[in-house]
Amino acid sequence: MLEQSATSWHQKTPGASDILTTGIHQQPTQRSWLLVTENSTYALGVTEEEYVLNLYWGARLSFFSDIPAASMPPDRSSQDVSLALAPEEYPAFGGLRFGELAAKITFADQTRDADLRFHDAEIGEQDGLPALRILLQDAVYPLQVALLYQVDVANDVIIRSACFTNQGADPIVLERLFSAVWHLPRQVMPRRLTTLGGHWAGESRLQQQQVVTGTTLLESRKGVTGSHAYPWFALDTQANEQQGEVYFGTLAWSGNWALRIATTITGATAIGGGIHEHDFAWTLAAQTSFTTPDFVAGFTLDGMNGVRRRLHRYVREQVLPQKQASQPRPVLYNSWEATTFDVTEEGQCLLAERAAGLGVELFVVDDGWFPGRVHDRAGLGDWRVDPQKFPHGLRPLIERVKTLGMQFGLWVEPEMVNADSDLYRLHPDWIYHFPQRPRSEARNQLVLNVGRQDVQAYLLTVLDQLLTENAIDFIKWDMNRPLAEPGWPEYSARGGDAREIWVRHTQGIYAILDALRARHPDLSIESCSSGGGRADLGVLRRTDQVWASDNTHPDARLFIQEGISHILPGRVMGAWVTDMPHDRMVNEIPVQYRFHIAMMGALGIGGHLLHWSDEDLAEATRWIAVYKSIRHLVQDGDQYWLLSPTASKGDLAAVTSVAPDGSEAVLFAFRRSNPFWEPLPFLRLQGLQPATRYRVRELGNASASEIVLSGAALMRRGLELPLQRGSYASCLLHIRAEA
Ligand code: DGJ
């Protein structure tokens with residue numbers, strides 16, 4: 001059942017010639033629905049055979065009469081019959097369907113064929129958003145599938161999921177259960193697919209390809225979102241950063257996932273996505289339900305920056321835990337790169353004193369604070385304080401940190417054990433394994449079976465205890481290896497299907513995070529998986545920021561940050577100034593450049609502050625103060641990428657973040673090399689008010705003069721950037737409307 005609401009935007013039944021407002025509209029005679037956002041329309045309807053078809057998705061349409069009634073397409077040939085051609089909203093394997101499938105189902109009598117037909121529809125509200133629920137019912141078997149469409153009107157985004165309910169007495173096995181299949185209008189003009197690929201220390205890098213007949217598969221089979229691909233796509237038609245038609249979407253799921261972008265020679269394009277079917281099956285017991293993760297997708301005519309603005313706002317307003325999302329993300333210090341496992345009370349206190357002197361607001365002790373953790377071969381699993389490193393527990397350090405005016409944070413990696421740990425010695429059966437196979441280690445770690453209730457209860461108890469006994473404001477939750485040997489012998493012995501672990505693991509992590517947040521409502525959490533390997537919208541429902549990459553080299557970071565900026569707003573993207581890698585950075589790249597790169601996200605410091613010169617410390621203090629004065633724009637403004645590092649092969653980048661009302665903006669610009677000492681062309685800004693006069697000032701440069709220009713001049717004529725002539729030049733401009 002949907003939550004019902006007294007608001008007036010839903011259940012409208014206008015006539016064919018009435019102009020449609022935003023919201024959900026029902027066409028009473030044709031059994032069709034229009035989901036109208038500020039700039040897009042999504043239409044679906046029921047055919048006389050009771051199939052639910054997509055009727056349209058794209059730029060906003062204003063009249064019901066613009067949308068055809070739902071009807072099955074005629075057979076094209078015996079090879080392309082009607083059902084294979086119909087753009088079904090949720091096509092399940094069965095009958096003559098050969099296109100992109102949303103589900104594959106096996107019933108107790110071994111029938112591997114589903115026949116889902118329209119049963120009912122309901123309009124209401126879900127989690128504060130207008131929502132449409134379409135009920136499908138199998139023609140013969142007691143299986144109901146509820147398709148949920150939530151509409152984020154302002155952000156042109158639709159959030160889809162499917163809920164399977166076994167209404168009978170026999171189990172039903174679900175072998176594919178995607179969240180949705182999205183259909184794009186057939187078109188002659190070629191589309192371009194943009195995705196994000198990468199690996200550890202090189203996540204989220206842009207790739208683009210022309211869409212041709214066939215299927216592109218993006219996936220993770222590692223039990224975690226992964227750093228090799230991000231569950232996001234954009235399909236555009238001749239779009240650039242500033243304008244053009246783009247369809248985009250992302251999966252909110254932190255386990256195995258698949259995104260399939262399928263196009264036929266006739267230009268029909270369908271995008272299916274959800275939990276990966278690889279090694280997966282879910283037994284839906286009698287009278288139980290299973291709900292898929294959300295698949296969020298939208299449409300814009302505003303190019304790739306339009307995608308960014310919509311997803312950023314959606315993430316901030318609908319995904320992130322709202323209490324923390326309403327506060328600025330603090331400037332943090334993290335000890336990992338400075339001390340690695342060499343963590344001591346005294347050493348951390350010294351770093352904390354230096355950090356506080358710079359203006360850091362949150363001091364985080366990373367890996368190495370628990371017993372046996374002097375290297376990466378021992379300790380994971382034993383989440384208690386090492387009495388050798390902290391003879392009086394964490395309390396003295398925490399008190400020092402708080403006296404210095406900072407919050408305190410701690411690193412954990414709850415899903416893991418080292419074989420050399422008390423937990424593993426006590427519970428060797430708690431990890432994924434097959435009895436007759438070796439237990440593969442990666443980084444000397446094994447993965448706890450977080451699908452088990454006893455493991456979940458244990459982890460919740462120890463983490464809760466840690467947070468209750470110590471005044472911890474923030475945890476960094478890490479996850480440093482993929483799942484392997486995915487067996488669960490006890491479950492199999494009880495008749496369970498251990499292929500469920502791929503989902504149960506993620507559900508278990510979510511349950512622990514949810515319970516921790518409920519018990520500690522002021523806690524903030526950073527999601528990390530060897531850098532940016534778990535940065536999806538599923539984990540971000542229960543965490544506040546992500547560690548974008550272990551690679552903090554400014555050259556690499558520009559690419560990584562450009563990629564991730566298509567989905568995640570500045571407040572979510574953790575970015576540190578560090579001393580790593582040692583090769584050239586410290587000697588050759590100015591502190592200013594390194595700060596400007598990290599100031600584009602949630603700023604942190606990761607360098608060894610006891611080794612920084614007085615000059616560098618003073619400069620860091622200045623930039624941290626500047627960051628605090630502009631972070632409302634960086635973290636929560638509308639982001640426009642004006643010069644793409646990918647397009648310039650890493651030489652140039654320019655990004656502006658603008659207050660939603662256009663009254664204020666910041667602009668970061670970078671030029672890595674300039675062998676010909678050439679000036680840059682004028683840079684045209686975005687997002688300002690044409691008729692407003694703005695004062696433009698370079699931040700961090702006391703001798704720079706201010707200029708005053710209209711928004712029209714800044715956006716149409718452009719701005720000459722005050723970049724130094726040589727390599728690694730950067731600038732940071734503040735643009736404010738004159739009072
Ligand atoms: C991997 C993370 O990405 C690093 O930032 C750090 O926390 C290490 N793990 C610690 O083992």
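If you read the sequence from its start, that first residue is 1, and numbering goes on from there. For ligands, and for the atoms within them, numbers begin at 1 and follow the listed sequence.
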(Q) At less than 4.0 angstrom from any non-hydrogen atom of Cys528, what atoms of ligand 1 do you find? (A) 2 (C), 3 (O)
Q. Closest non-hydrogen protein atom to atom 6 (C) of ligand 1, residue and atom name please, with distance?
A. Asp366 OD1, 3.4 Å
Q: Give a yes/no verdict on whether any heavy atom in Arg443 is under 4.0 Å from an atom of ligand 1.
A: yes
Q) Which residue and non-hydrogen atom of the protein lie closest to atom 1 (C) of ligand 1, and at what distance in Å? A) Asp478 OD2, 3.1 Å
Q) With only distance considered, is Trp411 within less than 3.5 Å of ligand 1 through an N or O on each side? A) yes
Q) Are any of the N or O atoms of Lys476 closer than 3.5 Å to those of ligand 1? A) yes
Q.
Using side chain to side chain contact (heavy atoms under 4.5 Å, CB included), reason through Val572 and Leu540 one step at a time and then give a plain yes or no.
A. CA-CA 9 Å; Val572 165; Leu540 278 169; 3.8 Å; yes
Q) At what distance is the nearest protein heavy atom to atom 4 (C) of ligand 1, and which residue and atom is it? A) Asp550 OD1, 3.5 Å
Q: Determine whether the side chain, the backbone, both or neither of Glu413 has a heavy atom under 4.0 Å from any heavy atom of ligand 1.
A: neither
Q | Close-contact set for ligand 1 against Ser530 heavy atoms, below 4.0 Å | A | 3 (O)
Q) Any ion pair linking Arg313 and Glu317 (charged N to carboxylate O, less than 4.0 Å)? A) no
Q. Does any N or O atom in Gly531 lie less than 3.5 angstrom from one in ligand 1, N or O only?
A. yes
Q: Mind checking side chain to side chain donor-acceptor pair (under 3.5 Å) for Asp382 and listing every partner two or more places apart, or none if nothing turns up?
A: none
Q. Taking non-hydrogen atoms only, is Asp376 closer than 4.0 angstrom to ligand 1 via side chain, backbone, both or neither?
A. neither
**Q.** Trp369/Trp411 aromatic ring centres below 6.0 Å
**A.** no
Q: May I ask you to decide whether Arg384 forms a salt bridge with Asp422, counting only side-chain N to carboxylate O separations under 4.0 Å?
A: yes
Q: Output the list of atoms in ligand 1 that are nearer than 4.0 Å to some heavy atom of Trp547, sorted by atom number.
A: 3 (O), 5 (O)
Q.
Could you check whether Glu500 pairs with Arg452 (Lys NZ or Arg NE/NH1/NH2 to Asp/Glu carboxylate O, under 4.0 Å)?
A. no
Q.
Looking only at protein heavy atoms, which one is nearest to atom 11 (O) of ligand 1, and what is the separation?
A. Asp367 OD2, 2.6 Å
